[in-house]
**Q** 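Quick one: structure below, then a few questions.
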Amino acid sequence: MRKLPRPFYDRDTIAVARELLGKHLVHVERGRERVGRIVEVEAYLGPHDRAAHSSRGLTDRTKVMFGPPGHAYVYLIYGMYYCMNVVTEREGHASAVLLRAIEPVKNIVGRAQGPGLLCKAMHIDNRLNAHDLLSSDFYIAAPPRTERFEIVKRPRVGVDYAGPWAKRPLRFYIKGNPFISRP
DNA sequence: TGCACGATGAAC
DNA sequence: TTCATCGTGCAC
């Protein structure tokens with residue numbers, strides 16, 4: 001497994017988001033390895049991005065976004081699902097990439113289309129918040145072989161409150177992939 | 001200390 | 001379109 005190094009995450013958030021497509025998300029729990037191929041993501045650019053949690057400042061919940069790149073930002077949404085982000089860019093920049101859907105690769109039970117279902121299928125919860133993605137039990141890696149694909153750009157989902165930021169095409173997914181959360 | 005509100009998903 | 005369900009953030 002070619003685990004993505006710290007410098008991969010310490011870059012422009014849109015570039016990181018696009019390059020996360022096709023990579024493998026790996027979670028090893030009690031010796032059981034679950035693997036999903038990332039097929040859909042969203043970029044959250046920082047405190048100036050009104051759709052980003054970090055736009056409401058540094059709080060106990062969002063402090064992970066303000067931390068160093070290459071860490072997981074996991075939070076509870078609607079009291080019933082978890083969402084997982086990857087923190088990007090230099091410490092203090094407070095940007096991240098939301099993982100929205102994976103294609104099952106190994107030990108995935110049920111659908112993983114949508115950020116809530118992705119976390120459920122990968123057994124990701126708040127215990128993994130702030131977890132270092134350069135660890136040995138929770139990380140992202142480049143698969144041995146990667147086929148070519150086209151990337152589709154769309155506005156992000158569920159951020160209508162963000163004014164002009166709601167219309168920016170910051171959602172990216174693999175064209176034609178059957179495991180994306182919605183067209 | 002109280003309360004409105006989600007970067008969702010499923011049912012109707 | 002409605003609802004389940006609860007931690008977070010901010011108003012009192």
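Below, read A as the first sequence line, B as the second, and so on, with proteins coming before strands; counting in each chain starts at 1.
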**Q** Can you figure out which of dG7(C), dG6(B), dG9(B) approaches the side chain of Y78(A) most closely?
**A**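 In terms of side-chain proximity for Y78(A), the closest of dG7(C), dG6(B), dG9(B) is dG6(B).
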**Q** State which of dA4(C), dG7(C), dA7(B) makes the closest approach to the side chain of L98(A).
**A**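 Taking heavy atoms from C-beta onward, the closest nucleotide is dA7(B).
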**Q** Among dT5(C), dA7(B), dG9(B), which nucleotide has an atom closest to any side-chain atom of N85(A)?
**A**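 Nearest to the side chain of N85(A) among the choices is dA7(B).
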**Q** Output the rounded distance in Å from CG (L99(A)) to P (dT8(B)).
**A**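 That distance rounds to 14 Å.
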**Q** Under 4.0 Å between a side-chain N or O of R100(A) and OP1 or OP2 of dT8(B)?
**A**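 Affirmative; the distance criterion is met.
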**Q** Only one of I174(A), V39(A), N177(A) forms a side chain to side chain contact (heavy atoms under 4.5 Å, CB included) with F149(A), so which one is it?
**A**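 It is I174(A), the one option of I174(A), V39(A), N177(A) that forms the side chain to side chain contact (heavy atoms under 4.5 Å, CB included) with F149(A).
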**Q** Please report the distance, rounded to the nearest Å, between CZ in R168(A) and P in dA7(B).
**A**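 About 18 Å, once rounded to whole Å.
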**Q** Find out whether the Lys NZ or Arg CZ of R156(A) is both under 6.0 angstrom from the six-membered ring centre of Y44(A) and within 45° of the ring's axis.
**A**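 Yes, R156(A) lies over the aromatic ring of Y44(A).
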**Q** Tell me yes or no: between the side chains of R100(A) and S181(A), is some donor less than 3.5 Å from an acceptor?
**A**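 Present: a donor and an acceptor within the cut-off.
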**Q** Decide if atom NZ of K3(A) counts as having more than 12 heavy atoms of other residues, nucleotides or ligands within a radius under 6.0 Å.
**A**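 Yes, because the 6.0 Å sphere around NZ of K3(A) holds more than 12 heavy atoms from other groups.
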**Q** Remember a base hit wins even if backbone is also touched, and classify G79(A) as base, sugar-phosphate or nothing at under 4.0 Å, heavy atoms.
**A**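 Base contact - G79(A) has a heavy atom under 4.0 Å of at least one base atom.
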**Q** How many whole angstroms separate atom CG of N126(A) from atom C1' of dT8(C)?
**A**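 Roughly 13 Å, once rounded to whole Å.
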**Q** Is any side-chain nitrogen or oxygen of Y161(A) closer than 4.0 Å to OP1 or OP2 of dA7(B)?
**A**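 For dA7(B), OP1 or OP2 has a side-chain N or O of Y161(A) closer than 4.0 Å.
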**Q** Ring of Y44(A) versus six-membered ring of dA7(B): centres under 5.5 Å and planes under 30°?
**A**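 Yes; centroid distance and tilt both under limits.
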**Q** If we call it a pair only when both distances are under 3.5 Å in a Watson-Crick or G-U wobble match, what pairs with dA7(B)?
**A**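 The base-pairing partner of dA7(B), which may sit in any strand shown, does not exist here.
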**Q** Determine which nucleotide pairs with dT5(C), using a 3.5 Å limit on both distances of a Watson-Crick or G-U wobble pair.
**A**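 In the structure as shown, dT5(C) has no Watson-Crick or wobble partner.
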**Q** Output the single nucleotide from dC6(C), dA7(B), dT5(C) whose closest atom is nearest the side chain of Y73(A).
**A**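 Among the listed nucleotides, the one closest to the side chain of Y73(A) is dA7(B).
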**Q** Given that S181(A) and I77(A) both sit by DNA chain B, which one's nearest nucleotide is further toward the 5' end?
**A**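 On the 5' side of the pair lies I77(A).
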**Q** Between R111(A) and V159(A), name the one whose nearest nucleotide on DNA chain B is closer to the 5' end.
**A**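 With R111(A) and V159(A) compared, the 5'-side residue is V159(A).
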**Q** Apply the side chain to side chain contact (heavy atoms under 4.5 Å, CB included) test between Y73(A) and each candidate in K63(A), M84(A), H53(A); give the one that qualifies.
**A**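 When side chain to side chain contact (heavy atoms under 4.5 Å, CB included) is applied between Y73(A) and each of K63(A), M84(A), H53(A), only H53(A) qualifies.
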**Q** Quick one: which of dA7(B), dA10(B), dG7(C) gets closest to the side chain of M65(A)?
**A**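 Given the options dA7(B), dA10(B), dG7(C), the side chain of M65(A) is closest to dA7(B).
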**Q** I would like to know whether T62(A) and S54(A) meet side-chain hydrogen bond (donor to acceptor under 3.5 Å, both in side chains); could you show each step before the answer?
**A** CA-CA 6 Å; T62(A) 63; S54(A) 57; over 6 Å; no
**Q** To the nearest Å, how far apart are R182(A) CZ and dA10(B) C1'?
**A**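 Those two atoms, CZ and C1', are 12 Å apart.
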**Q** For the pair made of NE2 in H53(A) and P in dG9(C), what is the distance, rounded to whole Å?
**A**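 Answer to the nearest Å: 10 Å.
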**Q** Send over the distance from D60(A) CG to dG9(C) C1', rounded to a whole Å.
**A**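 D60(A) atom CG is separated from dG9(C) atom C1' by 11 Å.
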**Q** For the pair made of CZ in R61(A) and P in dC10(C), what is the distance, rounded to whole Å?
**A**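 About 10 Å, once rounded to whole Å.
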**Q** Give the rounded distance in Å between these two atoms: CG of D160(A) and C1' of dC5(B).
**A**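 Distance check: D160(A) CG to dC5(B) C1' gives 15 Å.
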